[in-house]
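Step one of this worksheet: look at the structure below.
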Amino acid sequence: MSEGKKQATWGGRFSEGPAELMLRIGESVSFDQRLAPFDVQGSQAQAAMLAHVGIITEAERDAIVAGLDAILAEVEAGEFSWDTALEDVHMNIEQALTQRVPAAAKLHTARSRNDQVATDMRLWFRYACGQLDASLAAVLSSLVDLADKTKETIIPGYTHLQRAQPVSMAHHLLAYVEMFQRDRTRVAAVREQANVCPLGSGAIAGTTLPIDREFVALKLGFVDAAGKPRVTQNSMDAVSDRDTFIDFASACATIGAHLSRLSEDFILWSSAEFGFVRLPDAFTTGSSLMPQKKNPDAFELIRGKSARLTGNLQMLLTMVKGLPLTYNRDLQEDKPPVFDSLDQALLMLDSVAACLPGVEVQTKRCAAAVADPALLATDVVDYLVEKAVPFREAHHVVGALVGLSEKLDTPLNELPYDQVAPIHEKLGEDWNVVFDLKRALAAREKPGMPGPKQVEARITYWRDQLKD
Ligand code: ARG
């Protein structure tokens with residue numbers, strides 16, 4: 001028997017089996033076998049519905065459900081033998097079931113692989129979003145913990161990668177907490193979008209058989225907040241829609257971009273030039289040639305992998321853009337990018353969550369970097385503005401002071417008062433009180449600012465949010 005003859009599910013009208021290359025290009029079981037738990041869940045709900053409307057008997061339903069449980073147990077034990085000649089996870093499971101349970105020949109009634117795979121993937125997206133949310137929450141917790149330890153550590157904040165104004169390291173880290181919290185919202189929106197049941201859409205135009213779509217939806221937990229079933233409203237859209245794939249890949253790409261920026265900060269901070277932190281040995285590597293090296297490989301790989309996440313999104317958008325309605329086989333290629341996005345995003349998030357607790361803050365290096373009084377030049381401007389000097393004029397005046405400091409090669413805060421006073425009448429003898437980091441931060445206590453009370457309040461807020 002040629003391999004192709006195994007193709008019992010759709011082989012009826014074919015006199016010749018598929019070419020070896022057709023099998024190779026056509027199979028998806030090598031990657032979609034991970035849908036097995038969702039495929040089994042979907043098929044069990046389908047069997048329950050078919051019995052509910054009287055298309056199969058209760059005994060047939062029970063045999064199908066039990067047979068599927070047994071197959072899933074084998075899959076989970078690694079004992080199920082997958083056959084690429086049977087193309088995909090759906091036909092592998094159905095074929096195995098039919099060999100064991102005669103009633104399984106009725107399972108595919110009123111169903112197509114088109115609505116079946118759409119259902120499996122929606123179940124998978126719900127699961128995947130749950131996984132991502134848990135890993136995002138762990139990253140948030142580790143960032144909040146590190147923020148808590150670095151409330152008193154003042155570092156320069158940067159714009160254009162030039163020292164700008166002082167902030168606590170905690171405030172810097174909490175910026176990422178905001179980002180990852182937005183990611184959680186995005187992931188929750190993807191889950192919500194996935195949570196609608198496409199089963200019953202058939203191949204394209206539903207079915208003439210008396211199925212009960214709401215029954216299946218309820219069984220699979222595709223329900224709204226009130227527990228009402230949610231079913232797709234256009235069969236053609238339901239079998240060809242890949243928006244959830246795109247939105248999922250997009251959420252992962254954004255997570256990747258955030259992780260990549262975080263990685264870049266830690267790569268810089270751990271360099272000899274910055275020296276703000278030491279990374280844990282467990283998340284760095286050495287050089288095969290240079291014995292002194294300690295390389296931030298985990299963060300570099302996260303930065304690199306973020307490109308992969310962007311690529312997966314790009315692939316999906318490109319794949320769907322020219323497809324006529326409805327299902328086209330191109331769509332089988334939709335799964336590797338989202339599986340990869342989940343796997344990589346989880347690996348990246350989990351690595352960050354595990355690495356951050358081992359980060360050691362080099363407080364002396366931070367203090368040295370932030371000692372540059374020029375970081376408080378803006379506060380001198382504010383000092384003048386408080387004395388009713390127009391902002392533009394004040395900015396100009398402080399520019400002159402900075403110029404003087406460069407000319408005299410003297411730190412801004414140490415300029416002799418007799419040279420400062422002539423620059424502007426409002427520069428009182430107390431002009432240099434602003435050169436005090438504690439004062440500078442304590443003066444920034446409006447919402448969102450880096451004042452210590454604000455930062456403390458944010459830490460408390462996030463701890464509370466992350467409790468459950
Ligand atoms: N493995 C297929 C996929 O993932 C299942 C749907 C096949 N549908 C079809 N009409 N050949 O896209």
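For ligands, and for the atoms within them, numbers begin at 1 and follow the listed sequence.
Under the 3.5 Å distance criterion, the side-chain polar atoms of Asp32 are matched with a main-chain donor or acceptor of Val89. Using a distance-only test at 3.5 Å, with no hydrogens or angles considered, a donor-acceptor pair links the side chain of Arg213 to the main chain of Leu199. The main-chain N or O of Gly26 is found under 3.5 Å from a side-chain atom of Arg329 such that the two form a donor-acceptor pair.
Residue Arg113 has at least one heavy-atom neighbour below 4.0 Å for each of these atoms of ligand 1: 6 (C), 7 (C), 11 (N). Atom numbering of ligand 1 starts at 1 in the shown order; those under 4.0 Å from a heavy atom of Asp88 are 1 (N), 2 (C), 5 (C). The distance from ligand 1 to the heavy atoms of Val117 drops below 4.0 Å at these ligand atoms: 4 (O). For ligand 1, the atoms sitting less than 4.0 Å from at least one non-hydrogen atom of Ser28 are 1 (N), numbered in the order shown with element in parentheses.
The 12-atom threshold is exceeded at NZ of Lys335, counting heavy atoms of other residues, nucleotides or ligands nearer than 6.0 Å.
Under 4.0 Å from ligand 1, the heavy atoms of Lys335 that appear belong solely to its side chain.
Nearest to atom 3 (C) of ligand 1 among the protein's heavy atoms is Tyr327 OH, 3.2 Å. When only non-hydrogen protein atoms are considered, atom 2 (C) of ligand 1 lies nearest to Gln332 OE1, 3.2 Å. The protein non-hydrogen atom at the shortest distance from atom 10 (N) of ligand 1 is Asn114 OD1, 3.2 Å.
At a cut-off of 3.5 Å, with distance as the only test, no side-chain donor of Ser28 or Asp88 sits close to an acceptor on the other residue.
The N/O atoms of His90, backbone and side chain alike, include none that comes under 3.5 Å of an N/O atom in ligand 1.
Between Phe248 and Trp124, the ring planes are perpendicular. Angles over 60° get that label, and only those under 30° would be called parallel.
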